[in-house]
Amino acid sequence: MSRWAALPAELDPRVRQLVVRLRRLKDHSGLSLRQLAARTGYSQKSWERYLGGRSLPPREAVEALARVGGEEPTRLLALHEVATEAWGKRRGAATSAAQAPVPEAEAEAEATQPEILSADATGTRSPGRSLRVALVAGAVALVLAVSTAVFLVVRLTDDHEERPTAPLAATTTSASASASTSASASASRSTPPEGATYTCRIERIDGRWYAGNSRTQDAVLADGHAGPQVAEAQCLLRRAGISPGGIDGIFGPMTERAVKQVQKRAGLVVDGIVGPHTWKALRG
């Protein structure tokens, strides 16, 4: 198994979870980075950035690694969707904090682009080919910049429309703060505190259903997770008429089957993972 370097401390937990899963899949395949580059069409340097947490891999690279490792890509693509949202927020904040000189910005945009290997990658590049590569890289950088700007505008608009119009009780505010803290650490698996019990206090606030355990909208939950966010999902599953088993705050096989039924009913990707879209279906 490869000895991986530690991921950057400032890496978002949701991006960290995706990178760890990709590292495990690469180790399971038994391929070196050079062999992985030959099998997927993305260069060795690109995979070093992706697996080192310095750059977010594109959706196609994630699918290619899943195929090489013999794994169903649905679960990885769900994690990639959440990681892309977190990565976009971080890049947006960095852009607004300081404006870098034009040459440095162009160099950074070029460094983040995946290096696609061609059939004659080992050959000598001609000046005309280098110019075409530079033009393609510039076009891709422009498309990414425009897409990021549109994503941020849509996200800010959605947040403004979903903001509650009435003040909540002190206990609800405390629960919201606790849920936000838990959401930032949703990538790590844990066990509930000894003797923890959960109840379902179903109420509808501003057109959304809540059960009194968590107010999260985007925490990622999967088999093996535990805590109040899992209990919140279990209560909302029961409210929807689907039994998740006991309300114990533990994401087990019965809870996963119930999540898949809700996803199938709502027309979502059926992967048994609770993400932003599944929370929307449960709270809707």
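Just so you know, these numbers use all the heavy atoms, side chains as well, and skip hydrogens, waters and symmetry mates.
Val269 and Phe251 sit in two unconnected hydrophobic clusters of ILVMFWY residues. Membership requires side-chain heavy atoms under 4.5 Å apart, directly or through other members. Taking hydrophobic clusters as Ile, Leu, Val, Met, Phe, Trp and Tyr residues chained together by side-chain heavy-atom distances below 4.5 Å, Val274 does not share a cluster with Leu268. Placement of Met254 and Val262 in two distinct hydrophobic clusters is found when ILVMFWY residues are connected by side-chain heavy-atom separations under 4.5 Å, directly or transitively.
Residues passing the side-chain hydrogen bond (donor to acceptor under 3.5 Å, both in side chains) test with Arg204, sequence neighbours excluded: none. With sequence neighbours excluded, the residues satisfying salt bridge (charged side-chain N to carboxylate O under 4.0 Å, His left out) with Glu256 are Arg75. Applying the salt bridge (charged side-chain N to carboxylate O under 4.0 Å, His left out) test to Glu48 and every residue at least two apart in sequence or in another chain returns nothing. Evaluation of the side-chain hydrogen bond (donor to acceptor under 3.5 Å, both in side chains) rule for Glu10 yields no partner, not counting sequence neighbours. When the side-chain hydrogen bond (donor to acceptor under 3.5 Å, both in side chains) test is applied to Thr74, the partners found at least two apart in sequence or on another chain are Glu72. Every side-chain hydrogen bond (donor to acceptor under 3.5 Å, both in side chains) that Arg283 has, sequence neighbours left out, goes to Glu232. Residues satisfying the side chain to side chain contact (heavy atoms under 4.5 Å, CB included) test with Glu81, not counting sequence neighbours, are His277.
Between Ala83 and Val15 the shortest heavy-atom distance is O-CG2, 3.7 Å. In terms of heavy-atom proximity, Ala222 sits nearest to Ile273 at CB-CG1, 4.2 Å. Closest non-hydrogen pair, Pro8 versus Gly53, comes out as CG-O, 4.3 Å. Considering every non-hydrogen atom in both Glu85 and Pro276, the closest pair reads OE1-CG, 4.3 Å. Of all non-hydrogen atoms in His225 and Val220, the two that sit nearest each other are NE2-O, 4.1 Å. In terms of heavy-atom proximity, Trp209 sits nearest to Ile202 at CE3-CG2, 3.5 Å.
Within the 4.5 Å cutoff, side-chain heavy atoms of Glu71 are placed close to those of Arg21. Taking 4.5 Å as the limit, some side-chain heavy atom of Arg23 sits within range of a side-chain heavy atom of Val19. In this structure, the side chains of Leu7 and Val20 come closer than 4.5 Å at one or more pairs of heavy atoms. Residues Leu18 and Leu56 have side chains in contact (heavy-atom distance under 4.5 Å, counting atoms from C-beta outward). Considering only heavy atoms from C-beta on, Leu65 comes within 4.5 Å of Trp47 through its side chain.
Among pairs with a residue in residues 204-284, those fulfilling disulfide (SG to SG under 2.5 Å) read Cys200-Cys235, at least two apart in sequence or across chains. Listed by first and then second residue, the side chain to side chain donor-acceptor pair (under 3.5 Å) pairs involving residues 236-245 amount to none (not counting sequence neighbours). Applying the disulfide (SG to SG under 2.5 Å) test to pairs two or more places apart or on separate chains, none has a residue in residues 41-81. Residue pairs that meet the disulfide (SG to SG under 2.5 Å) test with at least one member in residues 20-54, sequence neighbours left out, do not exist here. Sorted pairs that involve residues 56-69 and meet side chain to side chain donor-acceptor pair (under 3.5 Å), not counting sequence neighbours, are lacking altogether.
Taking CG of Asp248 as the reference point, atom OG1 of Thr255 lies at 6.5 Å (rounded to 0.5 Å). Distance check: Thr40 OG1 to Leu33 CG gives 10.0 Å after rounding to the nearest 0.5 Å. We find the CD-CG distance between Gln44 and Leu36 to be 9.5 Å, quoted to the nearest 0.5 Å. To the nearest 0.5 Å, atoms CG (Leu51) and NZ (Lys26) are separated by 7.5 Å. Here the OG1-CG distance, from Thr84 to Leu79, works out to 10.5 Å after rounding to the nearest 0.5 Å. The OH atom of Tyr210 sits 10.0 Å away from atom OG1 of Thr216, with the distance rounded to the nearest 0.5 Å.
Distance alone, capped at 3.5 Å, places no donor-acceptor pair between the Lys264 side chain and the Val270 backbone. Using modelled atom types, one side-chain atom of Thr148 and one backbone atom of Leu144 make a donor-acceptor pair closer than 3.5 Å. Checking side-chain atoms of Gln217 against main-chain N and O of Trp279 turns up no donor-acceptor pair under 3.5 Å.
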### Task
Report the C-alpha separation of Trp4 and Asp27 in whole Å, then their side-chain angles, then the decisive distance to 0.1 Å, and conclude whether the side-chain contact (heavy atoms from CB on, under 4.5 Å) test is met.
CA-CA 10 Å; Trp4 297 101; Asp27 289 340; 2.9 Å; yes
### Query
Can Ser147 and Val143 be said to form a side-chain contact (heavy atoms from CB on, under 4.5 Å), step by step?
CA-CA 6 Å; Ser147 301; Val143 171; 4.0 Å; yes
### Message
One pair to check against side-chain contact (heavy atoms from CB on, under 4.5 Å): Tyr50 and Val62. What are the steps and the verdict?
### Response
CA-CA 10 Å; Tyr50 301 156; Val62 174; over 6 Å; no
### Query
After noting the C-alpha distance and the side-chain angles of Leu25 and Leu76, does the key distance pass the side-chain contact (heavy atoms from CB on, under 4.5 Å) rule?
CA-CA 10 Å; Leu25 189 56; Leu76 283 176; 3.7 Å; yes
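Under 3.5 Å, the side chains of Arg201 and Thr199 contain a donor-acceptor pair of N or O atoms. For the residue pair Gln229 and Asn213, no side-chain donor N or O sits within less than 3.5 Å of a side-chain acceptor on the partner.
Electrostatic pairing of Glu203 and Arg208 does not count as a salt bridge here, judged by no charged N lying under 4.0 Å from a carboxylate O. A salt bridge links Arg14 with Asp12: the closest approach of a Lys/Arg side-chain nitrogen to an acidic carboxylate oxygen falls below 4.0 angstrom.
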